[in-house]
Amino acid sequence: MKLKLDITPDLVAAMAAEVKAGEKAVTAAMREAGTGLKTAWRSQITGAGLGRRLANSIRSHTYPKAGESLNAAALVWSKAPVIVGAHDTGPLIRSKDGFWLAIPTEAAGRGLRGGKITPGEWERRRGLRLRFVYRRRGPSLLIADRARINTRGQAVASRSKTGRNQVSAPIFLLVPQVKLPKRLDLDRDAERALDSVPGLIVANWVEGRF
């Protein structure tokens, strides 16, 4: 028995067209999966009350940046990986110097550019010295004496010569460590995005042919 196989130009063209359709389908699928994961992560962050600014730190790219490929890939990441990662893992935070973590109270106010204020910055800005108060139960304190509470609820230096309305206000709580609560589950959405890829490839391939 003798077999003969002829490859016609039409078959070659059909194979090339099929490869091209596959490249488009895979690239489109990865783009959809990446965009979907970015949206899901942003929704998690805003839903956890972490703010739109942190949510917008989530970005995505599809590779190759131009054209299509059967090896297309999507990358989703955060421009603030330390902050997002901390809320995703819920780590135990200790002072890097091995002493206390200073947690500002409402009376401390905010630091420069709206960030959390430190004890040193507070003393420089308010012109008051902080007094350490050790407590066996509960957090120890840094207290400002001869202060007054302004209309915004912040402790400032009192100019009263009679001592009227002067208070000793707790400015910072001092704790040896803080357990940050886990508020995100990024792996959950990443696994869902990964599981969706085969179906997206098939859907885009079929749509491209009909």
Side-chain angles (χ1 to χ4, degrees), residues 28-63 65 73-126 128 130 138-144 147-156 169-197 200:
M30 297 310 300
R31 184 179 297 110
E32 289 180 42
T35 301
L37 180 57
K38 178 181 69 175
T39 301
W41 280 1
R42 286 184 173 184
S43 296
Q44 267 206 61
I45 292 171
T46 54
L50 299 176
R52 174 59 58 184
R53 183 175 181 181
L54 186 61
N56 288 341
S57 75
I58 303 297
R59 306 295 176 85
S60 67
H61 272 319
T62 304
Y63 299 93
K65 292 184 177 181
L75 175 65
V76 183
W77 80 100
S78 171
K79 297 185 70 175
V82 175
I83 299 175
V84 172
H87 289 293
D88 185 44
T89 59
L92 186 66
I93 302 174
R94 296 185 176 92
S95 169
K96 62 181 179 181
D97 299 321
F99 295 107
W100 303 94
L101 288 173
I103 303 174
T105 66
E106 184 178 352
R110 305 294 293 180
L112 295 176
R113 298 179 181 177
K116 287 188 176 180
I117 195 168
T118 64
E121 182 187 352
W122 192 92
E123 288 184 332
R124 289 192 301 270
R125 294 178 61 186
R126 297 291 189 255
L128 292 173
L130 293 170
S140 295
L141 305 171
L142 287 178
I143 289 179
R148 67 178 178 86
I149 305 300
N150 65 17
T151 57
R152 292 182 294 178
Q154 299 175 8
V156 296
I171 307 301
F172 291 92
L173 307 179
L174 300 177
V175 295
Q177 61 189 29
V178 172
K179 181 69 169 67
L180 192 68
K182 178 178 171 61
R183 303 173 73 176
L184 303 174
D185 188 356
L186 302 183
D187 284 345
R188 178 195 65 201
D189 289 336
E191 290 174 1
R192 289 176 178 173
L194 184 62
D195 291 342
S196 72
V197 170
L200 290 173

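The first residue in the sequence is number 1, and the count goes up from there.
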Value for CD1 (Ile45) from CZ (Arg53), rounded to nearest 0.5 Å, stands at 13.5 Å
Hey, what do you get for OG1 (Thr62) to CD (Glu32), rounding to the nearest 0.5 Å? 10.0 Å
Please check if the side chain of Arg152 supplies one atom and the backbone of Ile149 the other of a donor-acceptor pair under 3.5 Å. no
Within this structure, what is the CD-CG distance for the pair Glu123 and Leu142, rounded to the nearest 0.5 Å? 8.0 Å
State, to 0.1 Å, how close Glu106 and Gln154 come at their nearest heavy-atom pair, and which atoms those are. O-CG, 4.2 Å
Shortest non-hydrogen pair, Leu128 vs Ala144, comes out as CD1-CB, 4.4 Å
When you measure from the side chain of Arg42 to the backbone N and O of Ala55, does any donor-acceptor pair fall under 3.5 Å? yes
Measuring only between side-chain heavy atoms, which start at C-beta, is Phe172 closer than 4.5 Å to Trp100? no
Determine the minimum heavy-atom distance between Leu50 and Leu54, stating which atoms define it. O-CB, 3.7 Å
Assess whether side chain to side chain contact (heavy atoms under 4.5 Å, CB included) is satisfied between Asp189 and Arg192, documenting all intermediate values. CA-CA 5 Å; Asp189 289 336; Arg192 289 176 178 173; 3.8 Å; yes
Going through the distances and angles, do Leu141 and Leu173 end up as a side chain to side chain contact (heavy atoms under 4.5 Å, CB included)? CA-CA 5 Å; Leu141 305 171; Leu173 307 179; 3.4 Å; yes
Looking at Lys116 and Gly111, would you say the former's side chain and the latter's main chain have a donor-acceptor pair under 3.5 Å? no
For the student: nearest non-hydrogen atoms of Val197 and Met30, plus distance: CG1-SD, 3.9 Å
If we only count heavy atoms from C-beta on, is the Ile171 to Arg126 side-chain gap below 4.5 Å? no
Quick check for you: to the nearest 0.5 Å, what is the distance between Asp88 atom CG and Asp187 atom CG? 6.0 Å
Would you tabulate the side-chain donor-acceptor contacts of residues 74-85 under 3.5 Å, counting partners in other chains and residues two or more places apart, or write 'none'?
unit_1 : atom_1 : unit_2 : atom_2 : d
Ser78  : OG     : Ser57  : OG     : 3.0
Ser78  : OG     : Ala80  : N      : 2.9
Ser78  : OG     : Ala80  : O      : 3.4

Side-chain contact test, heavy atoms from C-beta onward, threshold under 4.5 Å: evaluate it for Thr89 versus Lys182 and give yes or no. no
Are more than 12 heavy atoms from other residues, nucleotides or ligands located less than 6.0 Å from atom CD of Glu121? yes
Rounded distance (nearest 0.5 Å) linking atom CZ of Arg125 with atom CD1 of Ile117: 4.5 Å
Residue pair Thr46 / Ser43: nearest heavy atoms and the distance that separates them: OG1-O, 3.1 Å
Find the distance between CG (Leu174) and CG (Leu101) and round it off to the nearest 0.5 Å. 9.0 Å
Taking side chain as C-beta onward, heavy atoms only, is Trp41 less than 4.5 Å from Leu184? no
